[in-house]
A.B. asks: 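Sharing a structure, written as structure tokens. Questions coming.
Side-chain atoms are counted along with the backbone in the values below, which use heavy atoms only and exclude waters and symmetry mates. All ligand and atom numbering here is 1-based and tracks the order in the structure.
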Amino acid sequence: MSAGLRKFVRFIAIYGLGRSLFKAAGRLRIGLPTFALRRPAPDIGLIGCGQFAFATIGYFIHSTFGSRILACYDVDPRAQQSLARAQRVRSTPASINELLTDPRLRTIYIASNHASHADYAVLALQAGLQVYVEKPIAVTEEQLVRLLRACRGAEGRIFAGYNRPFSSAVRHLRSVMPVDSNGGFTLSCFISGHQLGAEHWYRRPEEGTRICGNVGHWLDLMVHVLSWRGMPDRMDVSLSWADADEPDDNVSITITSDRGDLFTVTLTSRCEPFEGINETINLQHGETIAKIDDFRHLTIWRGSHVQRKRFWPKDVGHRLAILQPFQRQAARAWEEVVLSTLLMLRITDMVRARERLATFSFSEARARIQRQIEAAK
Ligand SMILES: NC(=O)c1ccc[n+]([C@@H]2O[C@H](COP(=O)([O-])OP(=O)(O)OC[C@H]3O[C@@H](n4cnc5c(N)ncnc54)[C@H](O)[C@@H]3O)[C@@H](O)[C@H]2O)c1
């Protein structure tokens, strides 16, 4: 059996047939029939027509609402036209301005390169649209300030693509775990990530390093988990990398907080994980110990009690994250995403400066950007 066929069979076992077909169709750029009970009029615009837009956003929109994507835009016309053809998207505007001034649009999904997310989100908010912006929401503090300024008065209209908090495993853990208001959390994430060649666009200097490209997911998960109890303020951050020429890869980050929390994330990519990114997450809080194995299995221990759950298809939280604009009651608190972005940007600076130790304060960082938001009125 060829490696491609073997991967496809493995994907069916992990993600189910429908999602696996969409993943393959995204690579081949072919259309697939979908079945959805609800079929609202097309009112969604898509910016960025790459693999995530096709196989993940496209899959969950199509399987929920049918052909609801009205228009798509990409700087690469081949990506734009092939997604439009395969997913029966009627409109392929030649410019971002043409896309955003289409009066039929209500919602914009942004899944382009990282450096473009914040500015596209600002334009879409200014056009009065609701916005789903993939991670990271910004790759610089200036971008974050511009975005937050545009968000004023747009409360409840912007949603971020950080999906791990929406996973079945994290939501189940949250629903059964007693939270100790004085207790610290220990959270450890081990990530086998994709190998990215030197020419991959994530590597371009303006795209924010793999800290913005990948590690932001687990910093955001940490912030989400800590918010269950109440956020700490001050943190000590320590970085270790295996290769000083590539400090954003094969890197470990350790964070301790003024509320007794201990967090580690290790990103390793020395080999390519055949089934895609693989994550092991361990947590301890109060009397609870929990292990999430690749968002497919969850084990929770409390004293002598053990609970085991299996999630099939694997659920990293994409469905609920992507459907946030249409299920607003389930949407993430935007402020959590702002805080995790501030921490991510600080760690990005550390990696760039080869700085191994730093202190960080959420309240100071938040107050600093708030001053910039106000100053630019
Ligand atoms: N939440 C998740 O789990 C998850 C997983 C994978 C990717 N993503 C995100 O999805 C986005 C796309 O990633 P991908 O894997 O599909 O990458 P990709 O390279 O397959 O697609 C990116 C697309 O964006 C287009 N593009 C580049 N610059 C553009 C610009 N300025 N304006 C419009 N289009 C532009 C490219 O031509 C390409 O078609 C990224 O933000 C990535 O971080 C999220």
Side-chain angles (χ1 to χ4, degrees), residues 15 19 22-23 25-29 45-60 71-84 86-87 89 92-100 108-124 131-139 143 159-167 170 191 193-194 196-197 199-204 206-221 224 267 273 276-279 294-295 314-324 332 337 340-341 344:
Y15 295 104
R19 183 95 192 275
F22 252 76
K23 282 177 179 282
R27 297 281 173 215
L28 302 169
R29 297 278 149 164
L46 193 55
I47 302 177
C49 301
Q51 180 65 7
F52 191 76
F54 192 114
T56 306
I57 296 175
Y59 173 72
F60 287 115
C72 62
Y73 171 75
D74 196 294
V75 287
D76 176 355
R78 284 167 312 171
Q80 180 186 33
Q81 296 299 334
S82 59
L83 186 144
Q87 302 202 356
V89 175
T92 51
S95 70
I96 197 71
N97 187 46
E98 189 184 329
L99 172 75
L100 295 177
I108 283 286
Y109 280 76
I110 300 169
S112 47
N113 63 314
H114 301 151
S116 67
H117 289 179
D119 289 335
Y120 281 143
V122 169
L123 290 174
V131 178
Y132 170 99
V133 54
E134 253 313 316
K135 53 80 187 168
I137 63 168
V139 296
Q143 285 191 348
F159 310 91
Y162 284 113
N163 48 278
R164 270 54 174 182
F166 291 97
S167 64
V170 170
I191 319 301
H194 288 292
L196 298 183
E199 71 297 336
H200 194 282
W201 66 262
Y202 273 45
R203 301 279 192 202
R204 293 186 200 134
E206 69 276 16
E207 301 289 354
T209 77
R210 287 198 89 162
I211 303 301
C212 289
N214 299 105
V215 175
H217 264 308
W218 300 282
L219 298 171
D220 181 70
L221 178 62
H224 177 66
L267 170 69
I277 182 171
N278 187 306
E279 304 167 46
D294 205 28
F295 294 99
K314 170 175 170 172
D315 177 22
V316 189
H318 284 134
R319 172 183 287 280
L320 288 182
I322 287 165
L323 296 181
Q324 283 178 93
R332 192 76 194 287
V337 177
S340 77
T341 300
M344 175 193 78

A.B. asks: Give me the atom names and distance for the closest heavy-atom approach of Thr341 to Val337.
C.D. replies: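 Here Thr341 and Val337 meet closest at OG1-O, 2.7 Å.
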A.B. asks: Would you please classify the geometry between the His217 ring and the Tyr162 ring as parallel, tilted or perpendicular, with 30° and 60° separating the classes?
C.D. replies: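 Correct class here is perpendicular.
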A.B. asks: Rounded to the nearest 0.5 Å, what separates atom CG in Leu219 from atom CG in Asn214?
C.D. replies: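 Reported value, rounded in 0.5 Å steps: 11.0 Å.
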A.B. asks: Measure Ala79 to ligand 1 on non-hydrogen atoms and call it side chain, backbone, both or neither using the 4.0 Å cut-off.
C.D. replies: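 Under 4.0 Å from ligand 1, Ala79 contributes side-chain atoms alone.
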A.B. asks: Is Lys314 paired with Asp294 through a side-chain N to carboxylate O contact shorter than 4.0 Å?
C.D. replies: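 Salt bridge flag = yes for Lys314 with Asp294.
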A.B. asks: Is the contact between Arg164 and ligand 1 made by the side chain, the backbone, both, or neither, using heavy atoms and a 4.0 Å cut-off?
C.D. replies: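 Side chain only.
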A.B. asks: Looking only at protein heavy atoms, which one is nearest to atom 12 (C) of ligand 1, and how far off is it?
C.D. replies: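 Going atom by atom, the protein heavy atom closest to atom 12 (C) of ligand 1 ends up being Ala111 O, 3.2 Å.
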A.B. asks: Could you list the atoms of ligand 1 found under 4.0 angstrom from a heavy atom of Gly161?
C.D. replies: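 Atoms satisfying the 4.0 Å criterion: 1 (N).
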A.B. asks: Which is closest to atom 42 (C) of ligand 1 in terms of heavy atoms, His114, His200, Glu207, Arg78?
C.D. replies: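 When every heavy atom of His114, His200, Glu207, Arg78 is considered, His114 comes closest to atom 42 (C) of ligand 1.
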A.B. asks: Quick test of your reading of the structure: of Ile277, Ile137, Asn113, whose heavy atom lies closest to atom 29 (C) of ligand 1?
C.D. replies: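 Comparing heavy atoms across Ile277, Ile137, Asn113, the nearest one to atom 29 (C) of ligand 1 lies in Asn113.
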A.B. asks: Arg210 vs Leu196, test: side chain to side chain contact (heavy atoms under 4.5 Å, CB included). Steps then yes/no.
C.D. replies: CA-CA 9 Å; Arg210 287 198 89 162; Leu196 298 183; 3.5 Å; yes
A.B. asks: Between Phe54 and ligand 1, which part of the residue brings a heavy atom under 4.0 Å of the ligand: side chain, backbone, both or neither?
C.D. replies: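 The answer is neither.
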A.B. asks: For ligand 1, which atoms sit closer than 4.0 Å to a heavy atom of Asp76?
C.D. replies: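 Taking each heavy atom of Asp76 in turn, ligand 1 has 37 (O) under 4.0 Å.
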A.B. asks: For the residue pair Phe22 and Phe54, does the interplanar ring angle fall in the parallel (under 30°), tilted (30 to 60°) or perpendicular (over 60°) class?
C.D. replies: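 Rings of Phe22 and Phe54: tilted, 30 to 60°.
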A.B. asks: State if Gln80 counts as touching ligand 1 under the rule of any non-hydrogen atom under 4.0 Å.
C.D. replies: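 Outside the 4.0 Å threshold, so no.
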A.B. asks: Counting only heavy atoms, tell me which of Trp201, Tyr120, Phe52 gets closest to atom 17 (O) of ligand 1.
C.D. replies: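 Shortest heavy-atom distance from atom 17 (O) of ligand 1: Trp201.
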A.B. asks: How far is atom 20 (O) of ligand 1 from the closest protein heavy atom, and which atom is that?
C.D. replies: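 Nearest protein contact, heavy atoms only, for atom 20 (O) of ligand 1 is Gln51 N, 3.0 Å.
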A.B. asks: Identify, by atom number and element, the atoms of ligand 1 in contact range of Tyr202, meaning under 4.0 Å from any of its heavy atoms.
C.D. replies: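 By the 4.0 Å cutoff, the relevant atoms are 42 (C), 43 (O).
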A.B. asks: For the atom pair CZ (Arg332) and CG (Leu320), what is the distance rounded to the nearest 0.5 Å?
C.D. replies: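 Rounded to the nearest 0.5 Å, the CZ-CG separation comes out at 12.5 Å.
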A.B. asks: Specify the protein heavy atom at minimum distance from atom 3 (O) of ligand 1: its residue, its atom name, and the distance to 0.1 Å.
C.D. replies: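 The answer is His318 NE2, 2.9 Å.
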A.B. asks: Distance to 0.1 Å, residue and atom name: give those for the protein heavy atom nearest to atom 44 (C) of ligand 1.
C.D. replies: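 Scanning the protein heavy atoms, the shortest distance from atom 44 (C) of ligand 1 goes to Glu134 OE1, 3.2 Å.
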A.B. asks: Purely on distance, is any nitrogen or oxygen of Tyr73 under 3.5 Å from one on ligand 1?
C.D. replies: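 Such a contact does not occur with ligand 1.
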A.B. asks: Backbone or side chain, does any N or O of Pro136 fall under 3.5 Å from an N or O of ligand 1?
C.D. replies: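 No, no N or O pair falls under 3.5 Å.
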A.B. asks: Please state which part of His117 comes within less than 4.0 Å of ligand 1, counting heavy atoms only: side chain, backbone, both or neither.
C.D. replies: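 Side chain only.
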A.B. asks: With respect to atom 40 (C) of ligand 1, which of Ala53, Ser82, Ser112, Gly50 exhibits the smallest heavy-atom separation?
C.D. replies: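 Residue with the shortest heavy-atom distance to the ligand atom: Ser112.
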A.B. asks: Show the nearest heavy-atom pair for residues Tyr73 and Cys49, with the distance to one decimal.
C.D. replies: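 Distance-wise, the nearest heavy atoms are O-SG, 3.6 Å.
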A.B. asks: With rounding to the nearest 0.5 angstrom, report the OG to CD1 distance, Ser340 to Ile137.
C.D. replies: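 Nearest 0.5 Å value for the OG-CD1 distance: 7.0 Å.
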A.B. asks: Ring centroids only, cut at 6.0 angstrom: are Tyr109 and Tyr132 within range, meaning strictly under it?
C.D. replies: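 Yes: the rings meet the under 6.0 Å criterion.
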A.B. asks: Please determine whether side chain to side chain contact (heavy atoms under 4.5 Å, CB included) holds for the pair His114 and Glu206, giving the CA-CA distance in whole Å, both sets of side-chain angles, and the decisive distance to 0.1 Å.
C.D. replies: CA-CA 9 Å; His114 301 151; Glu206 69 276 16; over 6 Å; no
A.B. asks: Kindly state whether the ring of Phe52 and the ring of His318 have centres lying under 6.0 angstrom apart.
C.D. replies: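 Ring centroids of Phe52 and His318 are less than 6.0 Å from each other.
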A.B. asks: Would you kindly specify which portion of Val75 sits under 4.0 Å from ligand 1, judged on non-hydrogen atoms: side chain, backbone, both or neither?
C.D. replies: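 The answer is both, backbone and side chain.
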A.B. asks: Which one of Ile322, Asp74, Ile57, Asn163 has a non-hydrogen atom at the shortest distance from atom 2 (C) of ligand 1?
C.D. replies: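 Comparing heavy atoms across Ile322, Asp74, Ile57, Asn163, the nearest one to atom 2 (C) of ligand 1 lies in Asn163.
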